[in-house]
There are 2 protein chains.
Amino acid sequence: MQESETLHTRQAHSDIRGSGSLNIHLKKSPRNAESRDDDASLSSGQDLLARLRADIVKHTFAPETKLKFSDLTERYGLGIGTLREALSQLVSEGFVTLESGKGFRVAPVSRRDLAEVTEHYIAFEKRALAQSIAAGDDEWETRIVASFHSLGIIEDLSWAERMRRHGDWVDRHRQFHEALVAACADRWLLRLRSLMFYQLERYRFLSKMNREKSPTRKGTEHRAIMEATVARDATKAVALLERHIRETSESISGTLD
Amino acid sequence: MQESETLHTRQAHSDIRGSGSLNIHLKKSPRNAESRDDDASLSSGQDLLARLRADIVKHTFAPETKLKFSDLTERYGLGIGTLREALSQLVSEGFVTLESGKGFRVAPVSRRDLAEVTEHYIAFEKRALAQSIAAGDDEWETRIVASFHSLGIIEDLSWAERMRRHGDWVDRHRQFHEALVAACADRWLLRLRSLMFYQLERYRFLSKMNREKSPTRKGTEHRAIMEATVARDATKAVALLERHIRETSESISGTLD
DNA sequence: TATTATAGAAGTTTCGAAACTTATTGCAAC
DNA sequence: GTTGCAATAAGTTTCGAAACTTCTATAATA
């Protein structure tokens, strides 16, 4: 039923929840020489947050679904308190609603909400990308190329295969967009961007379930954005990015209501 | 020690946390005929969230302070689970950090963080105000005038009195700014604005503790913003607002580091 | 039939104790 | 002295049971 579960928890390291910055790691092994930057063994509670969010994004729980503790404790094998803690954070992030005495529900979706999220996301990502292009170093550039390639591997597959590995596509798609803006120095901008990204991701899934989008167009768009970015052509990159996001959202919007 | 606590919970209706909207007050009497539209009883946990946030904003807990459960349970008279739940939400809002195994701390402050928060807040509030001016009705206008007056009552006091009632000033200042943007239809914009507003509020307190700001200048600025707004002069109102916020932040910035 | 009252079920909220992790202290060996 | 290690203390994290609230179904009443 669930797809690529193990990957997920590790990758949800973006920083939507983090406060300070990107240090969220956990220790476990006293010192492990290699250590990328954030290698983290998160307390089971932090894991849960990522898992729950992923399950909402993936529409494992449909919008407006009641989130009963009896179900959740069984599904995740964790206690009520731990679950409440994670759900509370998702309330702040806008994925879950809480009505006193009546418990938690998955937040509703609507065409209007999608429109708002889209516009905010575009504004954030454009600025973050422009700043990133201005500040990025070689390593930043390299990671963009790498994550683009990783994403391309899946996008070049046949339709059936692509559907089968959709969970992987989602992860790599997120990584690609994160790589683009990674050199932006504005912490809050990255945080807000991340917030909106996850919101949009839920809508992206919704569209995937209804119909399949324009086939290989996306791959081409991603390539164009990547190329303009590593060429440091901020104006072009930003324009391409905006069109990319807006068109995707508009096609999703048609499937709503 | 705490000032105007009862007011607080009622006024924290902005919508930083909530999904739904603006319902937050307390219940007690079984049914009270009046009932505006959304009268909702908040579970003690929701209260706690507002109280904790207020205490962080007010620097009752200084930045980087460790938030020990032994202290908190005593101070608020609530169980550990309930506290964790509220703290988790504050992590999402950026007021608190969580390091696995080492517990919660009040998020740090810095000149750079202030600069980021300020710019984002300005961008949000400007757009929200412009939209609000375009869409606001008579009732909206009236509430602005009312909340300006309420705020002015405190701003016109002597220095000593103003300091004594600073807690009230904070509440009314928030209400005034909320009234300005109340007619904006973009839910997410209001939410993001609210997020940044509370962040800035913490810095405002910090400045209050160090030195007293320019005396009556603020009152004049608020009046000018109010007048331009009710005159539906969006361009002017937005420009005044921007200057008002930026100057305040800049003066605070000087007291940091 | 429609309405209200009541009992029971279902579900949520809160709490504190048990398990676990991190920090501190004391003590010995070098 | 200081380094290493163990023992203890302090603190965090997790869990499930008890208290409480909301919902549902049934019965009583007009």
Side-chain angles (χ1 to χ4, degrees), chain A residues 9 17 19 23-32 40-52 61 64-92 96-106, chain B residues 9 17-20 23-32 35 38-52 61 64-92 96-107:
Chain A
T9 54
R17 71 156 168 351
S19 49
N23 60 336
I24 300 261
H25 42 175
L26 259 292
K27 73 340 200 19
K28 197 40 169 290
S29 49
R31 93 235 55 127
N32 202 340
S41 80
L42 312 141
S43 56
S44 69
Q46 293 293 312
D47 260 357
L48 176 60
L49 173 61
R51 287 219 283 156
L52 259 173
F61 303 115
E64 330 228 9
T65 304
K66 183 137 205 316
L67 295 167
K68 283 185 285 206
F69 288 105
S70 45
D71 298 351
L72 298 178
T73 50
E74 205 201 344
R75 176 171 231 272
Y76 298 104
L78 291 169
I80 291 175
T82 312
L83 280 162
R84 278 192 76 87
E85 198 178 318
L87 288 170
S88 293
Q89 292 202 50
L90 293 176
V91 168
S92 285
V96 167
T97 63
L98 170 58
E99 200 179 352
S100 176
K102 305 199 24 214
F104 295 90
R105 303 188 91 90
V106 178
Chain B
T9 53
R17 62 108 188 39
S19 43
N23 54 337
I24 306 241
H25 40 170
L26 259 296
K27 60 48 165 352
K28 201 41 171 289
S29 50
R31 94 234 56 132
N32 205 338
S35 96
D38 36 19
D39 117 76
S41 62
L42 330 136
S43 46
S44 67
Q46 293 293 309
D47 259 355
L48 176 61
L49 174 61
R51 287 219 283 156
L52 259 174
F61 304 115
E64 328 228 8
T65 304
K66 184 133 206 310
L67 295 168
K68 282 185 286 209
F69 288 104
S70 45
D71 298 351
L72 298 178
T73 50
E74 205 202 342
R75 175 171 232 271
Y76 297 104
L78 289 170
I80 292 175
T82 312
L83 279 161
R84 277 193 77 85
E85 199 179 317
L87 288 169
S88 293
Q89 291 201 50
L90 292 175
V91 169
S92 285
V96 166
T97 64
L98 170 58
E99 201 179 352
S100 173
K102 307 203 19 220
F104 295 89
R105 303 187 92 90
V106 178

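Every chain is numbered from 1 and lettered A, B, ... according to where its sequence line falls, protein lines coming before strand lines. Because the structure is predicted, anything quoted here is derived from the model rather than measured.
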Can a side chain N or O of Lys102(A) be found less than 4.0 Å away from OP1 or OP2 on dC23(D)?
yes

Over how many whole Å does the gap from Gln46(B) atom CD to dT14(C) atom C1' extend?
14 Å

Is there a side-chain contact between Leu83(A) and Leu67(A) (heavy atoms, below 4.5 Å)?
no

For Leu78(A), answer base if it contacts any base atom (sugar-phosphate contacts may also be present), sugar-phosphate if it contacts only those atoms, and nothing otherwise; contact means non-hydrogen atoms under 4.0 Å.
sugar-phosphate

Within this structure, what is the CD-CG distance for the pair Gln89(A) and Leu87(B), rounded to the nearest 0.5 Å?
10.5 Å

Rounded off to whole Å, could you give me the CZ-to-P distance for the Phe69(B) and dT14(C) pair?
15 Å

Side-chain N,O (Ser70(B)) to OP1/OP2 (dA10(D)) below 4.0 Å
no

Given dT12(C), dT14(C), dT12(D), which nucleotide is nearest the side-chain atoms of Lys66(B)?
dT12(D)

Quick one: sort the Phe61(A) and Tyr76(A) rings into parallel, tilted or perpendicular, breaks at 30° and 60°.
tilted

Between Leu87(A) (CG) and dG11(C) (C1'), how many Å, whole number?
14 Å

Student check: side-chain heavy atoms of Glu85(B) and Glu85(A) closer than 4.5 Å:
no

Expressed as a whole number of angstroms, how long is the span from Gln89(A):CD to dT13(D):P?
12 Å

Closest listed nucleotide, where the reference is the side chain of Ile80(B) and the choices are dT13(D), dT12(C), dT12(D):
dT13(D)

If I take atom CG in residue Leu83(B) and atom P in nucleotide dC15(C), what distance separates them, rounded to the nearest angstrom?
9 Å

Looking at dC15(D), I'd like to know if its phosphate oxygens (OP1 or OP2) sit under 4.0 Å from a side-chain N or O belonging to Thr82(A).
yes

Look at the side chain of Lys68(B) and decide which nucleotide, out of dT12(D), dT14(C), dT14(D), has an atom nearest to it.
dT12(D)

State which of dG11(C), dC23(D), dT13(D) makes the closest approach to the side chain of Phe104(B).
dT13(D)

For the pair made of CG in Leu67(B) and P in dG11(D), what is the distance, rounded to whole Å?
13 Å

Here the distance between atom P of dT14(D) and atom OH of Tyr76(A), to the nearest Å, is 16 Å

Strictly below 4.0 Å: does Arg84(A) bring a side-chain N or O up to OP1 or OP2 of dT12(C)?
no

CZ-CG distance between Arg75(B) and Leu52(B), expressed to the nearest 0.5 angstrom:
8.5 Å

Rounded to whole Å, CD of Glu85(B) lies from P of dT13(D) at a distance of 15 Å

